[in-house]
4 protein chains.
Amino acid sequence: MTAPDPETDPEAGTPPADAAPARRHAAGADPAKRAQILEGAARAFLEKGFDAASMEDVRRAAGVSKGTIYVYFADKVELFEALVADKRDRMFADVISLLEEDLPLRAKLTRFGEALSRVLCSEDVIRAQRIVIGAVARMPGMGERFYRVGPSRMHDRLAALFEAEVAAGRLAVPDARMAAVQFIELVSAGVWRRRLFCGPHAGVEEAEIVRTVASAVELLLRAWGRGEARQGLDD
Amino acid sequence: MTAPDPETDPEAGTPPADAAPARRHAAGADPAKRAQILEGAARAFLEKGFDAASMEDVRRAAGVSKGTIYVYFADKVELFEALVADKRDRMFADVISLLEEDLPLRAKLTRFGEALSRVLCSEDVIRAQRIVIGAVARMPGMGERFYRVGPSRMHDRLAALFEAEVAAGRLAVPDARMAAVQFIELVSAGVWRRRLFCGPHAGVEEAEIVRTVASAVELLLRAWGRGEARQGLDD
Amino acid sequence: MTAPDPETDPEAGTPPADAAPARRHAAGADPAKRAQILEGAARAFLEKGFDAASMEDVRRAAGVSKGTIYVYFADKVELFEALVADKRDRMFADVISLLEEDLPLRAKLTRFGEALSRVLCSEDVIRAQRIVIGAVARMPGMGERFYRVGPSRMHDRLAALFEAEVAAGRLAVPDARMAAVQFIELVSAGVWRRRLFCGPHAGVEEAEIVRTVASAVELLLRAWGRGEARQGLDD
Amino acid sequence: MTAPDPETDPEAGTPPADAAPARRHAAGADPAKRAQILEGAARAFLEKGFDAASMEDVRRAAGVSKGTIYVYFADKVELFEALVADKRDRMFADVISLLEEDLPLRAKLTRFGEALSRVLCSEDVIRAQRIVIGAVARMPGMGERFYRVGPSRMHDRLAALFEAEVAAGRLAVPDARMAAVQFIELVSAGVWRRRLFCGPHAGVEEAEIVRTVASAVELLLRAWGRGEARQGLDD
DNA sequence: GATGAATGAGTTTTCATTCAT
DNA sequence: GATGAATGAAAACTCATTCAT
């Protein structure tokens, strides 16, 4: 349940990099070049969006030839899906790991919430999410996978944590998964949605995130906290 | 605070309709034709997205000539922005009006929450939001305006309601705006975000929305409810 | 049997040209523009062949824009097939009509044979046949149609003529269709095949054609001629 | 007149094989590898045609590297011309040899005619001829050479035979070369041309060839046969 | 004032050829 | 000497926009 399971995704991603640095790579199998292309694609797509970015933009940003891109990726869509798959996994891994730390509930939720909110609301990630959302109509599978390995997995992990806390008598939530979903939503309440539609409010986000997460934790504990978990609540 | 302020938007909308109903309209000044074009644009853009829909698609759906479209709208982007502005206002008006009704707090929040959630998560509105979000990079102003007259206005109205309830001693929220933002987020917790990334879960949404709104109301009242507003809570 | 039946071909060709010169044509329906494009396509394809000629070559030769070509023809293949269909019918009509003339058999065969041979071995027609033959693998239907309305129809008409001559006692061919096929082949014996593979032998063709047709007629009449048809044969 | 004269061709073919069989070949000088490449090229070009077959198709079919191909052949055109030169000679050798056999005229012409017709109208050879003909515009030399060592040589050999028969009193042709050309044309009358433009008429060809050759022989002998060569003719 | 045929810049993708390994 | 990854020019085709009718 805690093991990472990236293998559930059809997009295997990088071909097995030889342990011993091979002198010559098979066509489309040089991980460095693949990464270079993905990096250029990230720059081009994040700046302009999927449709507005041309393969020429990608080529220029990646510093490779057009032909080379097509050796590594069958077409523009496949390149984009590979890019999303690549960033996605990296993105959520660190955040989830915070739930494994040995900390009091309040501190753990706060650290997790802030980390999650910071990631999801950072400029690049917001741009990426906008593009993915904008592309869902044409690439439904990609959106589903993004949701599954991102938000959905968060829900699972957090629900498990809540259940453990219930068993330990520190929480009285009647529906752990609902509570998990609500908490995830609350940690970026007002920020994530706004960022999806609006440009960054210069410098505001960090303070807002701290306030928002603190409020989310308080709301949760005030509603469902028991025993030591209620410490510090006025009531 | 409750006054409608559409005039803050640069998109004036319909050109000044002549006071005296002219028999003949100036170029690009026939409101019926304008509406006809917007209707066609809505169909075309909702079905295919901004980039994938061609002006030919719009023309066909609207049943006018290409030239006419360009008389009413300077280019594709302006047409799209006008379309979004047009739908946007209609969309939020009804929902907000529910907050004016004379009902007990719990019922009022439930009705408002369900209505809002149903609107925001309906297939067409989800599609529209995806397209707007996907277009934010290229049309930042449009996203800002959408957020301002949509979610942001919700926050304002709901915060005002909460303040009134605090004044009436039925709520003890320390930060009415934060609570408003949180409530808005909670009423579609787990549904809106998923729908942004995924196709509809056949038939699931309605039941999910009812459950989710009920849980949101309960969470809010359990944390901050006072007096009669706590009726029905076990604790 | 003698009526022209161009309607057997699926390629309807030119849309009905209004008797009264319309001021404005439907998209892709201006016969003059269509002819202009076909003329440019003819120049481009005849010079370079189907694959080697680019749509840019066609555009330049036709003096229209690329977009316009694609309004009139769905793609490169369709343009080419339309071109072939267009030239084909014109090409064979005159030749076949020679068989209807009221002349002694020997003269009729000679005139027909020379006309056919001249057409089939002229530079432009040879180029066209080369391109069609080279394209058969990719457009089998086009090759079949070319053969059907070209050589095959010749066989039919000539076989009918031979049958009439047999009935009139001037010919004793045991198999009129075989004789027709043989005669068609003989009138350009050695010339057509060579021209398919080789460039023009400066100035040789005309004399060669006359000699070849004379020899073909003599061979036929010597083998199967009866009565007056044998006049002038030494044996 | 009967000596092989491949030296008239500029395509020397295999580079000078070292007199002493070297253990190691110079670049582009290994005949086995050259043959292997040509074999792959044959497969690739016959299947797709000159333009549609890519050098990658050739490489795959040949099982060598791209670079190696370019060591043996300067470019795609040269490879194709070498391929055609290679197949060409093989193709006509056997057929011509039939003219050397010691058989009665009628039998000899029949065997020769059928063999020639079968070869020229077989699927692979038809495909090859289509490709060569389609490429004549871009590679005129190749077409010329094909005609010269193919049909043209046939004409020479057959004309020589006819002259011998005239001298022997068995034939009375006034123009042996013309008769030779005519006979060559007649043995595939109606079949070769049709096959150039159309796909195979399932199973028809063999019977048609036999009938056609018989008719060609009969026509020739009926017109010009003398003495024993007229045996079996009704007249 | 409305129309829609024409435009041509710009898109994605292919593939003959080269040259570092 | 062989290899095959990389190249980039060029291809077919699209579509937002204009302007003569």
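Atoms considered below: every heavy atom in the structure, side chains included; atoms not considered: hydrogens, waters and symmetry mates. Predicted, not measured: the structure shown is a model, and the values here were computed from it.
- Looking at DNA chain F, the stems built from 3 or more consecutive Watson-Crick or G-U wobble pairs, each pair with its key distances under 3.5 Å, are E:2-21 with F:2-21.
- In this pair, Phe50(A) and Phe80(A) present their aromatic rings tilted. The plane angle is within the 30 to 60° band.
- Annotation: side chain of Val136(B) is not in contact with side chain of Phe146(B) (no heavy-atom distance under 4.5 Å).
- If you take CD of Gln36(D) and P of dA2(F), they are 11 Å apart, rounded to a whole angstrom.
- Here dG4(F) presents its P atom at 14 Å from OH of Tyr72(A), a figure rounded to the nearest Å.
- Heavy-atom contacts from other residues, nucleotides or ligands closer than 6.0 Å to CD of Glu56(C) number more than 12.
- Within the 3.5 Å criterion, the main-chain N or O of Leu38(C) finds no donor-acceptor partner in the side chain of Tyr72(C).
- Atoms CZ (Arg34(D)) and C1' (dG1(F)) sit 18 Å apart, rounded to a whole Å.
- To the nearest angstrom, C1' of dA20(F) lies 14 Å from CG of Asp30(C).
- Rounding to whole angstrom units, CD1 of residue Ile37(C) and C1' of dT7(E) are separated by 13 Å.
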Quiz item: Checking salt bridge (charged side-chain N to carboxylate O under 4.0 Å, His left out) for the pair Arg145(C)/Glu81(C): CA distance, chi angles, key distance, verdict?
Solution: CA-CA 10 Å; Arg145(C) 280 194 291 277; Glu81(C) 299 203 336; 3.6 Å; yes
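- For the pair Glu78(D) (side chain) and Phe73(D) (backbone), a donor-acceptor distance under 3.5 Å is absent.
- Proximity of Arg138(C) to Asp51(C): side-chain heavy atoms (C-beta onward) are separated by under 4.5 Å at one or more points.
- The separation between Arg60(D) atom CZ and dC15(E) atom C1' is 12 Å, rounded to whole Å.
- Going from atom NZ of Lys48(D) over to atom P of dT14(E) covers 12 Å, rounded to whole Å.
- Checked for salt-bridge contact, Glu39(D) and Arg43(D) meet the test: a charged N lies under 4.0 Å from a carboxylate O.
- Taking atom CZ of residue Phe45(D) and atom P of nucleotide dC15(E), one finds them 13 Å apart after rounding to whole Å.
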Exercise. Using a 4.0 Å heavy-atom cut-off, write out nucleotides 7-12 of chain F from 5' to 3' as B (base contacted by protein), S (sugar-phosphate only) or - (no contact).
Key: BB-BSS
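- Side-chain contact between Arg59(A) and Ile37(A): absent, with no pair of heavy atoms (C-beta onward) separated by less than 4.5 Å.
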